Amino acid sequence: MASVITCAKCKEEKDGLESAPMGGPAGQKVLESVCGECWREWQETSARLINHHGLTLANPKHRQQLREAMRDFLSLNEG
């Protein structure tokens, strides 16, 4: 069962994710700081960014670009 968190993006208390959406510290940060609604919003946005910019996730520079966009979108760079 997801815990209730104060989301870094929407600043509301909502249900968090059931589990980290990725490995490592970034996944743990998302798990602790982002609600399920905002994560789903990011998933849609990331697909648009990948398509618009022609990103290839096999390319480390493209992955880094997408990670930065995720941190900005989800307000994880603040605080």
Side-chain angles (χ1 to χ4, degrees):
M1 178 172 208
S3 59
V4 175
I5 53 103
T6 300
C7 181
K9 175 152 178 73
C10 67
K11 310 293 188 221
E12 296 179 22
E13 283 193 16
K14 293 185 179 178
D15 287 338
L17 301 171
E18 295 287 330
S19 61
M22 65 196 80
Q28 191 61 36
K29 179 78 170 172
V30 170
L31 180 64
E32 295 169 355
S33 307
V34 178
C35 72
E37 279 182 48
C38 289
W39 179 252
R40 284 185 292 283
E41 209 177 303
W42 164 248
Q43 288 177 307
E44 293 170 9
T45 300
S46 68
R48 284 194 300 273
L49 287 173
I50 289 167
N51 292 330
H52 178 76
H53 295 289
L55 301 178
T56 303
L57 296 182
N59 181 323
K61 289 181 182 179
H62 290 185
R63 285 195 310 270
Q64 181 61 32
Q65 184 179 349
L66 196 60
R67 275 193 295 269
E68 273 300 315
M70 179 192 75
R71 284 191 290 270
D72 289 344
F73 182 85
L74 296 172
S75 302
L76 296 177
N77 287 330
E78 301 171 7

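If you're wondering where the values come from, they're calculated on a predicted model, not measured in any experiment. For the numbers below, each heavy atom of this structure counts, side chains included, while hydrogens, waters and symmetry mates do not.
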- Looking only at heavy atoms, which two atoms of Leu31 and Ala20 are closest? And how far apart? CD1-N, 3.8 Å
- Thr56 and His62 have their tightest heavy-atom pair at N-ND1, 2.8 Å
- What closest approach, in Å, do Ile5 and Glu32 show between heavy atoms, and which atom pair accounts for it? CG2-O, 3.8 Å
- Message: So does Val34 get a backbone contact from the side chain of Lys9, meaning a donor-acceptor N/O pair under 3.5 Å?
- Response: no
- Can you get from Leu57 to Leu49 by hopping between Ile, Leu, Val, Met, Phe, Trp and Tyr side chains that sit under 4.5 Å apart? yes
- Task: Any chance you could measure Leu66, atom CG, to Ile50, atom CD1, to the nearest 0.5 Å?
- Result: 5.0 Å
- Note on the structure: The single option from Cys35, Ser75, Ser33 that satisfies side-chain contact (heavy atoms from CB on, under 4.5 Å) with Cys7 is Cys35
- Residues that Glu44 engages under side-chain hydrogen bond (donor to acceptor under 3.5 Å, both in side chains), provided they are two or more places apart: none
- Message: I'd like to check the side-chain hydrogen bond (donor to acceptor under 3.5 Å, both in side chains) partners of Arg67; sequence neighbours left out, ordered by chain and number.
- Response: Gln64
- Task: Quick one: pull up CG in Asn77 and CD in Glu68 and give me the separation to the nearest 0.5 Å.
- Result: 5.5 Å
- Just how far is it from atom OG of Ser3 to atom NZ of Lys14, taken to the nearest 0.5 Å? 14.5 Å
- Item | Nearest non-hydrogen partners of Gln65 and Leu55, listed with the distance | OE1-CD2, 3.4 Å
- Item | Closest non-hydrogen atom pair, Pro21 against Trp39 | CB-CZ2, 3.4 Å
- Item | N-O pairing of Arg40 and Glu37 below 4.0 Å | no
